[in-house]
Every structure is written in C-alpha cells, then in structure tokens.
Amino acid sequence: MRWTRYFINTLREVPADADVISQKLMMRGGMIRKVAAGIYTYLPLGLRSVQKLEAIVREEMTRAGSTELLMPAIQPAELWVESGRWQKYGKELLRIKDRHERDFVFGPTHEEVITETVRDAVSSYRQLPVNLYQIQTKFRDEVRPRFGLMRGREFIMKDAYSFHSSRESLDETYEAMRDAYGRTFRRCALDHVPVEADTGNIGGSASHEFMVLAQSGEDAVVSCPSCRYGANIEKATSRFFEDEPEPAPMTEMAPLHTPGTKTIDDVGAFLKKPTSRLVKTLVFDTENGPVMVLVRGDREGNEIKIKNFLGVNTLEMLPDTKFEAATGGPVGYCGPVGTKCKRVLADSSLKGRKDWVVGGNKPDTHIGGVNPGRDFPEPEYGDFTTVFAGDPCPRCGNKLEIHRGIEVGHVFKLGTKYSEAMNCVYLDEKGERRPMIMGCYGLGIGRTVAAAVEQSHDGDGIIWPMPIAPFEVVVTSVGREENVLATATEIYEKLQAEGIEVLFDDRDERPGVKFKDADLIGFPLRIAVGARSLANGQVEWSFRRDRAKQLGEPAAVLARVVEEVRKARTA
RNA sequence: CGGGGUGUAGCGCAGUCUGGUAGCGCACCUGCUUUGGGAGCAGGGGGUCGGAGGUUCGAAUCCUCUCGCCCCGACCA
C-alpha cells in the first residue's frame with residue numbers, strides 16, 4: 001500500500017478531550033476518530049489492527065472447537081422479557097422502538113439470542129456440546145464512557161457461548177476456551193495475567209478474567225509472585241489474620257469511656273492499641289434492610305463480597321441521616337451489642353477471637369471484653385474484607401502484589417440461569433428433560449487493541465507488537481532523487497511479493513515529517529532509503545522499539561527484514 | 001445521578017470580565033527556496049462563535065432556557 005493512496009491523517013496536537021495514552025496516540029495516529037461520547041470510527045489504520053486481532057481470535061476459537069456465527073445487533077424485547085433482563089438490566093440497555101412502536105434493544109450481549117437459537121435447534125444430548133462464537137458490535141449505554149476504546153459505549157466484542165449436558169463437559173470446554181484466551185493474548189505479545197473473578201450479576205459458578213497489566217487499568221489485580229495465584233481484588237483472599245496470637249481466656253464485658261473518637265484510628269490512639277486489635281463496625285443499607293458488618297480494625301470491608309454473600313442487588317453505606325434509627329446508636333460508636341440491626345456479619349478473621357473492643361451504641365462509649373455468642377448473638381462469618389498488598393498469599397503464604405489491569409477477556413461458567421429462564425432443555429439418555437448447562441466467553445477486541453497501545457508506547461508514539469500492527473513494515477523514501485524513489489519502490493514491491501504487510505511512504509514530504517509519522521503510528525520495522533547511504537549502495541533499517549539504525553545493501557536488508565517479520569509471525 | 005469545567009475553522013487555543021463587523025499557531029492551497037528527525041519567505045481559502053429566545057442602535061461577549069463534550073465521584077458484563 002502506498003501512503004499517498006491510503007487514508008491517513010495524523011495530528012500534531014492531541015485532541016483536548018482525550019485522556020488516556022491509547023486514545024491520544026490512536027487519535028493522533030489517525031486510527032480512530034471520536035464521533036460521540038464512547039462512539040468511535042475505526043479509520044483504515046485502526047481497522048487493520050482490529051482485523052488482525054480478529055484473525056488471531058478466529059484461529060484460536062476454531063482451534064478451541066468453537067464455530068462462528070453472527071447474531072443481530074438489534075433484538076426483540078420479548079427475548080429480554082423472557083430472560084427477565086428487560087426489567088433487570090437497567091439503563092445500560094439501549095431500548096429502541098421500531099415504526100410500529102414495538103420494543104427492541106441494541107444488544108449489549110447475546111445470551112438471549114443464542115439461547116433461543118440453540119433451544120430451537122437442539123433437543124437431544126446427542127447434539128451436545130455446542131460451542132458458538134461471533135465477533136460483533138455491542139452497545140452498552142454506560143453512565144460514563146471514558147478512556148477511548150477501553151470503555152466505549154459501542155464496541156467490538158468476541159462473544160462465545162457453550163451448551164452442555166454435564167458439568168464435566170462444561171469444565172472441558174471452559175478449560176479449552178481459557179487456554180485459547182491465553183494463547184490469543186500471548187500471540188499479541190501482551191503482558192497479561194489470568195485471575196479469578198467475581199461472577200457479578202451474570203451469575204454462575206466460576207469465572208476468570210484476563211487482565212493486561214497497565215497503569216491506566218481500571219481494575220486492581222492481586223497476584224502472587226511465587227505461586228500462580230491471581231484474582232481480581234473484588235474476589236481475592238489472603239491469610240492476613242494468621243499472625244493472630246492464641247486466643248486469651250474470656251474476660252467480662254466492660255464499658256470504656258472514649259470521648260471524641262469517631263474513627264477507628266482515634267479509638268486505637270486513645271486506647272493505645274493497634275487497630276488490628278479492635279473491631280470496626282460497618283453498616284450498609286440493602287433492599288432487605290440494614291446489615292451490620294464487623295471487620296478487623298485495620299482492614300477494609302469489600303462491598304462486592306458482602307453483596308454476594310447477602311445475595312442482594314443494592315448495597316450502600318448507610319447514610320448518617322438514617323443511622324440512629326437503623327442501628328440504635330450514634331455514628332462512630334456503633335457496635336453489635338444490643339444493636340437494632342437484624343443481620344450481623346463478621347469477617348472470618350474475627351472467628352475464634354476473644355474479648356472484642358467494639359462501639360457501645362452510646363455517645364463516647366466503646367465496650368471491651370465483648371465475646372460473640374455470650375454478649376450478642378453469634379454473627380454470620382464469611383470473607384468480607386479487601387486484600388492489601390503484602391498480605392500472605394492464600395495458597396503459598398508469600399507476599400501478594402497488587403497491580404492495575406485492563407480486563408480484556410472474561411470467561412464464565414453460567415450454569416443453567418438462562419437455559420432455565422428460557423426453557424432451553426434437552427432430552428437425556430433416559431428421555432428426561434434437563435436444562436442445558438452453559439458457559440460464556442467474552443473478549444473485547446477494541447479494548448485489547450487499546451490495551452496493547454497502553455502497554456507498548458514511548459514519547460514519540462505507539463510501538464505495535466508485530467502481530468497486531470496495522471502494517472509490519474514501513475518503507476520511507478528520503479528525498480526525491482530518482483534512484484532513491486526507484487530503490488524504495490523496488491524494495492516495497494519485493495516486500496509485497498514476499499507477502500509482507502508493507503506501507504510505502506511515498507509522500508513528497510521532508511524526512512522529519514515522515515520519520516515522526518512513522519514513529520507515531522508505530523510500524524514495528526522501518527526501511528529508510530535516502531541519497532546519502534544509497535551513494536554507498538546501502539539502505540537503512542531499524543526496529544521501532546529501539547530505533548537502532550543498521551545499514552546494508554538493499555538485497556541483504558530486504559532478506560533480513562523478511563526474516564524478522566517471519567520470525568515474529570511464528571513466535 | 002451529584003459536583004466542577006468547557007463549547008470560537010479539520011486540530012490546539014486567544015478574544016468574553018469592560019458589547020462596536022472574528023484572531024493566532026498547526027493543517028490545507030499557490031509560488032520560490034530548502035531536503036536524514038515535525039523547514040523558511042510571500043500570497044491565499046476556510047468559522048451562521050453549540051442551539052433557541054431575550055436585552056440593545058449593535059451580542060462570540062450581557063440575561064434565560066437548552067444541547068453536546070470533558071473531569072471528579074457514585075454505579076457497572
């Protein structure tokens with residue numbers, strides 16, 4: 001492809017509304033263009049990267065035994081009513097009406113359509129398992145789209161769904177898909193980590209996310225450098241409480257006068273005890289009424305874990321205005337002894353511990369020597385706290401690390417949530433009707449491309465990993481001398497003949513402009529042909545990643561560049 | 001949804017407070033010079049100043065309403 005015949009418009013200045021690096025560089029490099037908040041055009045260069053990633057994804061899906069289909073973006077509301085999500089999904093679901101005033105949605109995901117499809121086509125266990133995928137445009141009306149392609153409203157996603165007659169069959173496919181994801185991201189040369197994830201609203205029993213590690217990531221990833229443990233912070237656990245001393249014998253409950261100690265740190269300082277020896281009381285409001293959660297004083301409550309344990313849809317910190325009425329005590333001195341809260345949870349780190357120090361439900365008062373079971377009803381124990389960096393790994397005990405990550409893929413064991421709601425059943429060997437067991441597997445195409453840019457760039461622009469670079473090689477002619485153009489053209493044509501993806505910068509521009517553009521767009525390899533080196537019968541080539549220039553005769557450079565591309569392709 | 005900000009040429013911005021026929025840089029077009037890291041000079045084209053209404057002899061500028069966009073927060077497969 002010749003630059004002068006292509007469609008590239010680079011910007012010298014960063015558009016004012018771009019906030020993350022991938023968005024800035026892709027907009028400047030002429031790869032994407034914002035049309036509305038969270039809605040982008042993929043310009044030709046950007047589309048090439050997208051399509052190259054899609055090709056890799058298709059190969060890996062095929063290898064994992066998944067078959068491609070394409071479902072509609074616009075879906076009838078009835079399907080969503082049937083699954084129950086017409087009510088539940090909320091404002092993120094873009095609802096539209098056709099000219100007959102019939103309700104439709106622009107699909108944010110495709111469980112409904114695929115379940116209907118498989119339900120109608122499959123009736124016997126002999127036809128299972130089924131594994132189907134598509135690469136398609138979704139729309140989610142995010143409250144706050146941001147970060148360019150990383151959190152758009154309209155976005156391209158690969159989504160796959162599998163249907164099974166047994167748990168074992170689902171496990172097998174789940175593993176195959178998980179492997180396929182790992183291979184896909186590895187082939188894109190992305191530094192990523194698979195982690196255990198919260199299953200969220202979608203439900204289901206097991207779930208893993210694939211996180212690309214990058215500063216701009218919206219998620220926090222807990223990982224162990226020694227063993228292979230990795231989990232989203234929403235889900236991660238640790239053995240932080242194992243350093244607790246042996247429980248002392250129980251003492252009597254005794255009130256403590258603690259004036260002006262609103263926070264747990266105040267109380268610790270006042271009583272001259274480390275906050276880890278105190279108990280912090282959190283109160284949340286849910287649709288089922290207020291819930292009290294007790295955690296060790298130095299830890300933080302994890303709302304996702306609490307929400308999942310309770311099985312509620314809404315959970316938020318109880319506002320001060322409702323506090324006294326709900327708990328029977330003032331803010332800052334809340335505790336489980338004699339509380340009005342019907343439900344009291346406690347983090348497992350408190351289990352077996354004696355003589356708690358808790359709020360006294362009276363102003364300026366705490367209580368020491370409090371023991372669950374004796375002084376207040378035994379609470380419900382569970383894991384309700386968030387992991388801190390440096391906590392011991394739940395598997396091996398070594399220190400956990402926390403990094404920022406971009407969620408580029410998510411695999412779920414869905415179970416029978418949708419098949420039951422939508423009557424997607426099969427007949428087993430005994431002729432009995434059973435709901436199919438489902439899995440679903442998402443991979444953000446645009447987000448992965450953006451994540452690659454987040455992870456690989458420098459002050460001058462993008463440094464594309466070869467497998468998803470818009471072109472593998474750029475040939476830059478420097479100067480307009482006849483032999484320069486002739487040599488550059490020849491190299492360009494030979495590279496094309498070798499099947500290399502090459503862009504020929506044949507513009508009549510000054511060298512600086514061409515080099516700056518090449519760096520900005522980030523072609524992995526560059527061949528520069530200029531009069532100066534050509535006088536010695538040489539041309540120059542370099543990798544974008546280090547830009548170290550090497551000289552050689554055209555034929556030798558050509559061979560070397562072809563070799564480097566092939567090497568990268570098979571890596 | 002709450003708080004803050006912003007909207008002037010394709011991009012980046014000034015002008016708004018203090019009303020008087022719209023400006024700068026980049027990009028674009030023409031010419032000459034230049035040619036290995038975003039050239040120089042000269043000339044040129046392009047904007048109903050987000051939209052509607054109002055005040056005024058006169059509105060980018062003041063007032064009212066409205067829309068878009070951005071940031072922080074809450075929320076989120």
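Per chain, numbering begins at 1; letters A, B, ... match sequence-line order.
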Nucleotide N/O of nucleotides 72-74 of chain B paired with protein N/O under 3.5 Å:
from	atom 1	to	atom 2	distance (Å)
B:C72	OP2	A:R144	NH1	3.4
B:C72	OP2	A:R144	NH2	2.7

Can you check nucleotides 44-47 of chain B for protein contacts, nitrogen or oxygen pairs under 3.5 Å, and list what you find?
none

Detail all sub-3.5 Å separations between protein N/O atoms and N/O atoms belonging to nucleotides 9-15 of chain B.
from	atom 1	to	atom 2	distance (Å)
B:G12	OP1	A:A16	N	2.6
B:G12	O2'	A:E13	OE2	3.2

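Considering only residues two or more places apart in sequence or on other chains, A:D179 meets the salt bridge (Lys or Arg N to Asp or Glu O under 4.0 Å) condition with none of them. With sequence neighbours excluded, the residues that form a ring pair (Phe, Tyr, Trp, His ring centres under 6.0 Å) with A:Y181 are A:F210. Residues that satisfy the side chain to side chain contact (heavy atoms under 4.5 Å, CB included) test with A:V14, not counting sequence neighbours, are A:A18, A:K24, A:R28. For A:Y174, the ring pair (Phe, Tyr, Trp, His ring centres under 6.0 Å) partners two or more places apart in sequence, or in a different chain, are A:H208. Every residue two or more places apart in sequence or in another chain was checked for a ring pair (Phe, Tyr, Trp, His ring centres under 6.0 Å) with A:F388, and none qualifies. With sequence neighbours left out, the salt bridge (Lys or Arg N to Asp or Glu O under 4.0 Å) criterion links A:E54 to A:R58.
Note that the CG atom of A:L25 and the CH2 atom of A:W464 stand 9.5 Å from one another [nearest 0.5 Å]. Put simply, CG on A:D17 and CE on A:M27 are 5.5 Å apart, with the number rounded to the nearest 0.5 Å. Taken from CE in A:M31 to CG in A:L47, the straight-line distance is 12.5 Å, to the nearest 0.5 Å.
Residue contacts for A:K91: at a heavy-atom cut-off of 4.0 Å it reaches no nucleic acid atom on any strand shown. Within the nucleic acid shown, A:K514 has no heavy atom closer than 4.0 Å to any nucleic acid atom.
Considering only side-chain atoms of A:A37, the nucleotide from B:G37, B:C69, B:A39 that sits closest is B:C69. In this structure, the nucleotide among B:G37, B:G38, B:C75 sitting nearest to the side chain of A:D519 is B:G37. Each of B:C28, B:C26, B:C69 was ranked by its minimum atom distance to the side chain of A:R12; first place goes to B:C26. The A:R480 side chain lies nearest to B:U35 when the options are B:A27, B:C75, B:U35. Taking every side-chain heavy atom of A:K307 into account, B:C76 is the closest of B:C70, B:C76, B:G37.
Atom P of nucleotide B:A77 and atom NZ of A:K235 are separated by 15 Å, given to the nearest angstrom. Taking atom CG of A:D458 as the reference point, atom C1' of B:G37 lies 14 Å away to the nearest angstrom. Taking atom NE2 of residue A:H410 and atom P of nucleotide B:A77, one finds them 10 Å apart after rounding to whole Å. When rounded to the nearest whole Å, the span between CD1 of A:I8 and P of B:C28 equals 14 Å. Regarding A:H208, its NE2 atom lies at a distance of 18 Å from the P atom of B:A77, rounded to whole Å. A:E209 places its CD atom 12 Å from the C1' atom of B:C76, with the value rounded to the nearest Å. Residue A:K516 contributes atom NZ, which lies 14 Å from atom P of B:A27 at whole-angstrom precision. Atom CG in A:N232 sits roughly 12 Å away from atom C1' in B:A77 (whole-Å rounding).
Residue A:E553 qualifies as open at atom CD: its count of foreign heavy atoms under 6.0 Å is 12 or below. A:R547 CZ: more than 12 foreign heavy atoms inside a 6.0 Å radius. A 6.0 Å sphere centred on CD of A:E175 holds more than 12 heavy atoms belonging to other residues, nucleotides or ligands.
In this pair, A:Y89 and A:W80 present their aromatic rings perpendicular. The plane angle is above 60°, beyond the 30 to 60° band.
Taking a pair to require two hydrogen-bonding distances under 3.5 Å in either a Watson-Crick or a G-U wobble arrangement, B:C75 remains unpaired. In this structure, B:C24 forms a base pair with B:G12, meeting either the Watson-Crick or the G-U wobble geometry with both donor-acceptor distances under 3.5 Å. When Watson-Crick and G-U wobble pairs are counted only if both distances are under 3.5 Å, B:G43 pairs with B:C29. With a 3.5 Å ceiling on both atom-pair distances, B:U35 lacks any Watson-Crick or G-U wobble partner. Of the nucleotides present, none pairs with B:U55 by Watson-Crick or G-U wobble criteria with both distances under 3.5 Å. Across all strands shown, nothing is found opposite B:U48 as a Watson-Crick or G-U wobble partner with both distances under 3.5 Å. Base pairing annotation: B:U61 forms no Watson-Crick or G-U wobble pair, as no partner gives both donor-acceptor distances under 3.5 Å.
Atom name C1', nucleotides B:C1 and B:G20: the rounded distance is 44 Å, in whole Å. The gap from the P atom of B:C63 to that of B:U18 amounts to 10 Å, rounded to the nearest Å. Taking the C1' atom of each, B:G25 and B:C70 are spaced 23 Å apart, rounded to whole Å. With C1' as the reference atom, B:G44 and B:A9 are 15 Å apart, rounded to whole Å. Spacing between B:A42 and B:C49 at atom P, rounded to whole Å, works out to 31 Å. B:A60 and B:G47 have their C1' atoms separated by 11 Å, with the value rounded to a whole Å.
Nearest-nucleotide positions on RNA chain B place A:E481 closer to the 5' end than the other of A:E481 and A:T10. Residue whose closest nucleotide on RNA chain B sits further toward the 5' end, between A:L443 and A:P511: A:P511.
Between A:R510 and B:A39 there is a side-chain polar atom (N or O) within less than 4.0 angstrom of OP1 or OP2.
Taking the six-membered ring where the residue is Trp, the centroids of A:Y133 and A:Y441 are separated by 6.0 Å or more. Taking the six-membered ring for Trp and the full ring otherwise, A:F471 and A:Y6 have centroids separated by under 6.0 Å.
With contacts defined as side-chain heavy-atom distances shorter than 4.5 Å, the pair A:R140/A:M157 qualifies.
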In sequence, state the C-alpha distance, the side-chain angles, and the governing distance for A:I96 and A:I74, and then conclude on side-chain contact (heavy atoms from CB on, under 4.5 Å).
CA-CA 9 Å; A:I96 47 183; A:I74 308 291; 3.7 Å; yes
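For residues 533-556 of chain A, the pairs satisfying ring pair (Phe, Tyr, Trp, His ring centres under 6.0 Å) are A:W541-A:F543, with sequence neighbours left out.
Considering A:E116, A:R85, A:R119, A:M436 as possible partners of A:Y418, the one that fulfils the side chain to side chain contact (heavy atoms under 4.5 Å, CB included) test is A:R85.
Contacts of residues 520-533 of chain A with RNA chain B (heavy atom under 4.0 Å): A:R526, A:G530, A:R532, A:S533. Using a 4.0 Å cut-off on heavy atoms, the residues of residues 148-163 of chain A that approach RNA chain B are A:R151, A:M157, listed by number.
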